[in-house]
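Taking it in order: structure first as structure tokens, then the write-up.
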Amino acid sequence: MPPRTRRMPFPNVVIERDTDSEQSSSEEDEEEEEEEDEPAVLVESENEEKVDEAKKKGKAPITISLKKVCKVCKKPGHEAGFKGATYIDCPMKPCFLCKMPGHTTVTCPHRVATEYGVIPAKRKNTRNALEYAFERQIRPRIPPIKPAYVIPDQVSCAVIRYHSRRVTCLEFHPTNNNILLSGDKKGQLGVWDFRKVYEKVVYGNVHSCILNNMKFSPASDGTVYAASSDGTVSCTDVETGIALSLMNLNPDGWQGPSTWRMLYGMDINAEKGAVLVADNFGFLYLVDTRSNNRTGKPILIHKKGSKVVGLHCNPVQPDLLLSCGNDHFARIWDIRRIEDGSSIYDLAHSRVVNSAYFSPVSGSKILTTSQDNRLCIWDSIFGNMDSPSREIVHSHDFNRYLTPFRAEWDPKDPSESLAVIGRYISENYNGAALHPIDFIDISTGQLVAEIMDPNITTITPVNKLHPRDDVLASGSSRSLFIWRPKEKSEPVEQMDVGKIFVCDRDDKKRRKRKFGGESDDSDDDKSIPKGKRFKSQKKSQSKSSLSAKVRH
């Protein structure tokens with residue numbers, strides 16, 4: 001077959017340059033430009049003639065612009081967006097943090113003080129039976145004075161590149177204080193004894209894709225239930241890794257995105273002996289833990305076709321179920337008579353709700369995390385639920401290539417006022433752009449502490465406080481970190497290298513690499529350039545491996 005030739009000539013290419021960026025500051029360049037003024041005019045006239053000829057012949061030229069264009073509003077004249085880990089505001093858009101016009105993120109008052117605009121709400125008296133029972137039975141257990149907060153602010157040990165993909169969820173063992181379970185985007189389940197550091201195992205046969213949630217069985221501390229985006233609920237033995245599939249919503253395999261069901265929210269109701277899971281189409285499913293089979297029909301609890309990302313049973317009254325999803329609502333249900341449209345309360349938000357949790361002691365408060373950079377608090381589920389009691393502006397509006405940020409209660413705080421959440425917008429700490437983990441007093445909106453380590457340069461969206469010890473577990477990219485409180489009596493010394501385990505085959509590379517520079521090559525933390533590493537802290541690291549800021 002003879003080769004084909006192009007009948008029509010290639011179109012002309014006209015390049016528009018940004019004159020401001022192309023000017024040279026040297027005198028030699030200026031002289032050369034003066035000498036070449038006339039030829040330049042001739043070239044321009046020739047180009048104009050060629051463009052006119054092309055238009056007459058019906059061939060439109062291709063124009064390539066090299067001018068600076070804003071990545072946010074797509075208009076020339078200024079630059080905005082992310083440069084590495086630093087965000088540059090667009091003057092044509094509202095503030096990225098509080099979503100309000102009139103100022104930029106750098107000058108946003110909420111960035112300086114988290115309690116800005118937060119007014120503690122007055123208690124709402126409803127004078128009903130539930131309120132009376134709460135005052136008599138639950139309120140006396142809550143101390144009137146807040147205890148002193150104990151903040152785990154120093155990295156005790158770490159496992160680097162533990163998972164092959166980014167960490168998606170964490171869970172502490174109910175009886176063994178040193179065991180931490182973790183799930184990743186690939187569906188793997190990790191079991192780590194962080195006291196011995198080197199004792200770890202990863203089960204890769206549990207799920208085939210994202211492990212979104214997991215809970216320990218109330219009847220057996222060696223069994224964990226997990227929900228995955230492959231549409232299955234598994235029951236896994238922690239010691240052996242043998243997994244049993246309890247429910248599969250995609251028995252025929254992949255049939256297209258319109259029929260593929262993914263499971264996100266999950267919780268266990270011990271009184272009912274049921275595992276509650278919700279999918280990406282707005283439906284709720286119940287699995288009997290005694291027969292290991294699904295019971296009843298799926299119930300539509302959110303807008304049809306919307307993702308239900310969170311479920312939580314009330315710790316005091318397990319019949320109350322809290323759900324949240326992509327339809328901008330968090331809803332409270334009574335499991336005893338749950339059906340489509342039978343929600344007790346509908347808590348409206350302006351954007352997607354990432355998480356919603358009852359308070360751990362009384363179960364009378366609700367803490368929600370929304371994509372509009374707001375933490376919403378409802379002080380009493382027996383009062384007026386039309387609007388939240390308080391809204392705290394916090395930076396967590398980012399989901400691409402990251403596990404969604406979720407604010408969680410401190411289960412050891414009897415005053416039910418301390419919450420932990422990772423921060424998305426980076427801050428400058430001694431010349432390094434770091435993303436701290438925030439401890440917030442939700443009763444006042446004040447930032448109790450912001451903890452960071454100069455070696456952890458990636459974002460930390462997954463955080464879990466220990467239910468019994470003063471320990472914080474955090475998942476940053478593919479790595480796990482254990483934080484403990486820094487004892488005041490101890491001299492500040494460099495961290496013991498033996499407490500940092502790097503999952504790498506090459507021992508030489510293991511010694512050279514720091515434990516914060518890793519990233520998921522596939523899709524994790526791409527907002528941070530790979531080549532950007534913090535190297536100006538060598539002197540400070542010899543004295544301390546932690547740089548923490550605590551506000552009293």
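Position 1 is the first residue of the sequence, and the numbers go up from there.
Ring geometry for His312 versus Tyr357: interplanar angle over 60°, hence perpendicular rather than tilted (30 to 60°). Using the six-membered ring where Trp is involved, Phe405 and His396 have ring planes that are tilted, between 30° and 60° apart. Ring planes of Trp260 and Trp254: tilted class, angle from 30 to 60°. The aromatic rings of Phe172 and His466 are tilted relative to each other, their planes meeting at an angle between 30° and 60°.
Counting all heavy atoms, side chain and backbone alike, Ile482 lies closest to Ala473 at CD1-CB, 3.9 Å. When every heavy atom of Asn250 is checked against every heavy atom of Thr259, the shortest pair comes out as OD1-O, 3.8 Å. Closest of all the heavy-atom pairs between Phe439 and Leu472 is CZ-CD2, 3.9 Å. Minimum interatomic distance between Pro454 and Leu434 (heavy atoms only, all atoms of both residues): CA-CD1, 3.9 Å. Nearest heavy atom pair, residue Cys235 against residue Thr223, reads SG-CG2, 3.1 Å. The shortest non-hydrogen separation linking Leu276 to Leu311 is O-CD1, 3.6 Å.
Using a distance-only test at 3.5 Å, with no hydrogens or angles considered, a donor-acceptor pair links the side chain of His173 to the main chain of Asp221. Under the 3.5 Å distance criterion, the side-chain polar atoms of Asp413 are matched with a main-chain donor or acceptor of Leu418. A donor-acceptor distance shorter than 3.5 angstrom exists from the side chain of Ser228 to the backbone of Asp230, with no hydrogens or angles considered. Formation of a donor-acceptor pair under 3.5 Å by the Asn463 side chain with backbone atoms of Thr460 is found in this model. Arg261 contributes no side-chain N or O that, together with a main-chain N or O of Phe281, makes up a donor-acceptor pair within less than 3.5 Å. Between the Ser476 side chain and the Ile459 main chain, a donor and an acceptor come within less than 3.5 Å of each other. Formation of a donor-acceptor pair under 3.5 Å by the Asp267 side chain with backbone atoms of Cys313 is found in this model. Thr295 places no side-chain N or O within 3.5 Å of a backbone atom of Asp288 that could act as its donor or acceptor partner. Of the possible donor and acceptor atoms, none in the side chain of Ser417 sits under 3.5 Å from a partner among the backbone N and O of Asp441. Of the possible donor and acceptor atoms, one in the side chain of Ser359 sits under 3.5 Å from a partner among the backbone N and O of Ser364.
No side-chain heavy atom of Asp184 sits under 4.5 Å from any side-chain heavy atom of Val202. Contact check for Asn455 versus Val155: no side-chain heavy atoms found under the 4.5 Å cut-off. Between Ser234 and His207, the closest side-chain pair of non-hydrogen atoms falls below 4.5 Å. The shortest side-chain heavy-atom distance between Ile344 and Leu320 falls under the 4.5 Å cut-off. Counting heavy atoms from C-beta outward, Met247 and Val275 have side chains that stay 4.5 Å or more apart.
A 6.0 Å sphere centred on CD of Gln255 holds more than 12 heavy atoms belonging to other residues, nucleotides or ligands. The environment of NZ in Lys186 is sparse: at most 12 heavy-atom neighbours from other residues, nucleotides or ligands sit within 6.0 Å. Surrounding NZ of Lys303 are at most 12 heavy atoms belonging to other residues, nucleotides or ligands under 6.0 Å away.
Looking at Thr168 and Thr403, their side chains never bring a donor and an acceptor atom within 3.5 Å of each other. Remark: the Asn248 side chain and the Ser245 side chain contain no N/O donor-acceptor pair separated by less than 3.5 Å.
The line from CG of Asn280 to NE2 of His302 is 13.0 Å long, rounded to the nearest 0.5 Å. Atom CH2 of residue Trp483 and atom CG of residue Asp153 lie 8.5 Å apart, to the nearest 0.5 angstrom. Atoms NE2 and OG1, from His394 and Thr114 in turn, are 8.0 Å apart once rounded to the nearest 0.5 Å. Taking CD1 of Ile210 as the reference point, atom CG of Leu263 lies at 12.0 Å (rounded to 0.5 Å). Phe481 CZ to Ile451 CD1: the interatomic distance, rounded to the nearest 0.5 Å, is 11.5 Å. Rounded to the nearest 0.5 Å, atoms CG (Leu181) and CG (Leu170) are 9.5 Å apart.
Under a 4.0 Å N-O distance rule, the pair Asp334/Arg336 qualifies as a salt bridge. The pair Arg195-Asp193 does not count as a salt bridge, with every side-chain nitrogen at least 4.0 angstrom from each carboxylate oxygen.
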Exercise. Any chance you could lay out the side chain to side chain contact (heavy atoms under 4.5 Å, CB included) test for Arg390 and Asp379, step after step, and finish with the verdict?
Key: CA-CA 8 Å; Arg390 283 177 301 285; Asp379 280 326; 2.9 Å; yes

Quiz item: Can Ser182 and Trp192 be said to form a side-chain hydrogen bond (donor to acceptor under 3.5 Å, both in side chains), step by step?
Solution: CA-CA 8 Å; Ser182 57; Trp192 179 36; over 6 Å; no

Quiz item: Does the side chain to side chain contact (heavy atoms under 4.5 Å, CB included) test come out yes or no for Tyr162 and Val167, once each step is laid out?
Solution: CA-CA 9 Å; Tyr162 182 35; Val167 177; over 6 Å; no

Practice problem: Give the intermediate values and the outcome of side chain to side chain contact (heavy atoms under 4.5 Å, CB included) for residues Asn373 and Tyr424. | Solution: CA-CA 10 Å; Asn373 279 344; Tyr424 173 63; over 6 Å; no

Exercise. In sequence, state the C-alpha distance, the side-chain angles, and the governing distance for Tyr225 and Val287, and then conclude on side chain to side chain contact (heavy atoms under 4.5 Å, CB included).
Key: CA-CA 11 Å; Tyr225 294 95; Val287 179; over 6 Å; no

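Here the rule is side chain to side chain contact (heavy atoms under 4.5 Å, CB included) with Phe216, and of Val238, Ile268, Thr175 only Val238 fits it.
A cation-pi arrangement, defined by a distance under 6.0 Å to the six-membered ring centre and an angle within 45 degrees of its axis, is absent between Lys200 and Phe501.
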